[in-house]
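Okay, so here's the structure we're looking at.
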Amino acid sequence: MGERRDRLLRELREVEAELPAQVGRLAPADLAAGRYESGWNGRQIVAHLASMEWTYPRLIEMARGVVPPPPRTLPTGGAPIDGYNARQVERRAAVPLGELLEEFRRNRARLIRAVAGMEESLLDVPVRAAGGTAGTLEAVLRFAAVEHVRGHLADLRGAGGGR
């Protein structure tokens with residue numbers, strides 16, 4: 001394996017373990033508190049993370065040329081992506097927290113298998129995620145699947161989860 005791919009895999013696995021651990025430290029009242037991005041509570045943040053996770057292996061398929069990139073006309077950031085995110089969270093409103101964590105874990109495992117099985121040279125291929133984030137595959141995966149999740153983990157810690 002390559003050094004950069006190994007580092008990315010390590011980060012992906014760390015985040016995979018951090019989410020359920022952080023959620024497990026939260027009291028039910030902290031999970032229900034609506035003081036997060038877009039007014040989301042802790043459970044809704046977990047729903048958001050679960051809803052996004054399936055998209056990341058597609059970035060590898062894009063880098064390989066197996067699937068086309070999203071249309072160039074797709075807006076970057078702002079209301080359109082916020083609306084998509086809100087719809088995905090709403091679709092999971094009745095899904096139990098344990099099932100949301102399992103959805104995240106299952107899709108994260110798929111991403112880890114995809115990264116482990118890819119050629120390291122793909123990390124240098126330019127890609128653009130559906131939300132508009134663009135750069136090398138390595139940069140987009142690190143931003144979306146590592147830093148984005150860690151940002152929401154910080155949101156959860158701010159709700160009393162740092163005990």
**Message:** A side-chain contact here means heavy atoms from C-beta on lying under 4.5 Å apart; do Ile60 and Leu111 qualify?
**Reply:** yes
**Request:** For the residue pair Phe104 and Val23, establish whether any side-chain heavy-atom pair is separated by less than 4.5 Å.
**Result:** no
**Prompt:** Going by heavy atoms in the side chains, are Ser51 and Arg91 under 4.5 Å from each other?
**Reply:** no
**Item:** Pairwise distance NE2(His152) to CD(Glu18) - rounded to 0.5 angstrom
**Value:** 14.0 Å
**Prompt:** Does the side chain of Val127 reach to within under 4.5 Å of the side chain of Leu141, using non-hydrogen atoms?
**Reply:** no
**Request:** Provide the closest heavy-atom pair for Glu53 versus Pro57 in the form atom of the first, atom of the second, distance.
**Result:** O-CD, 3.6 Å
**Message:** Using a 6.0 Å cut-off, check whether atom CD of Glu147 has over 12 heavy atoms from anything other than its own residue.
**Reply:** yes
**Prompt:** With sequence neighbours excluded, what pairs up with Arg106 under the side-chain contact (heavy atoms from CB on, under 4.5 Å) test?
**Reply:** Glu102, Glu103
**Request:** Write down the atom of Pro20, the atom of Leu101, and the distance for their closest heavy-atom approach.
**Result:** CA-CD2, 4.2 Å
**Request:** Measure the acute angle between the ring planes of Trp40 and His48, then classify it against the limits of 30° and 60° as parallel, tilted or perpendicular.
**Result:** tilted
**Asked** Given the rule that I, L, V, M, F, W and Y join up when any side-chain heavy atoms are under 4.5 Å apart, are Tyr84 and Val89 in one cluster?
**Response** yes
**Prompt:** Going from OG1 on Thr55 to CG on Asn107, what distance comes out if it is rounded to the nearest 0.5 angstrom?
**Reply:** 9.0 Å
**Message:** So, using salt bridge (Lys or Arg N to Asp or Glu O under 4.0 Å) as the criterion, who are the partners of Glu16 when residues are at least two apart?
**Reply:** none
**Prompt:** Ala145 and Arg108: which non-hydrogen atoms are nearest, and at how many Å?
**Reply:** O-NH2, 2.7 Å
**Prompt:** Below 4.0 angstrom, N of the basic side chain to O of the carboxylate: do Glu119 and Arg64 qualify?
**Reply:** yes
**Item:** Distance in Å, Asn41 CG paired with Asp155 CG, rounded so as to fall on 0.5 Å steps
**Value:** 11.5 Å
**Item:** From CG (Leu26) to CG (Leu31), nearest 0.5 Å
**Value:** 4.5 Å
**Item:** Side chain to side chain, Arg150 and Val146, heavy atoms closer than 4.5 Å
**Value:** yes
**Message:** On a heavy-atom basis, which atom in Ala134 and which in Val140 lie closest, and how many Å separate them?
**Reply:** C-CG2, 3.7 Å
**Request:** Look up atom CG in Leu49 and atom CG in Leu156, then write down how far apart they are to the nearest 0.5 Å.
**Result:** 7.5 Å
**Arg25 side chain reached by Gln22 side chain, heavy atoms, under 4.5 Å** = yes
**Asked** Taking C-beta and beyond as the side chain, do Val149 and Leu153 meet within less than 4.5 Å on heavy atoms?
**Response** yes
**Asked** Residues in side-chain contact (heavy atoms from CB on, under 4.5 Å) with Arg7, at least two apart?
**Response** Glu3, Arg4, Arg10, Glu11, Glu138, Arg142
**Request:** Check the pair Asn85 / Met52 against side chain to side chain contact (heavy atoms under 4.5 Å, CB included), numbers first and verdict last.
**Result:** CA-CA 8 Å; Asn85 288 337; Met52 297 306 298; 3.5 Å; yes
**Complete:** Minimal heavy-atom distance between Asp124 and Thr136, with the atoms involved, is O-CG2, 3.9 Å
**Fill in**
In this structure, CG of Leu100 is separated from CG of Leu19 (nearest 0.5 Å) by 10.0 Å
**Prompt:** What closest approach, in Å, do Glu99 and Val95 show between heavy atoms, and which atom pair accounts for it?
**Reply:** CB-CG1, 3.6 Å
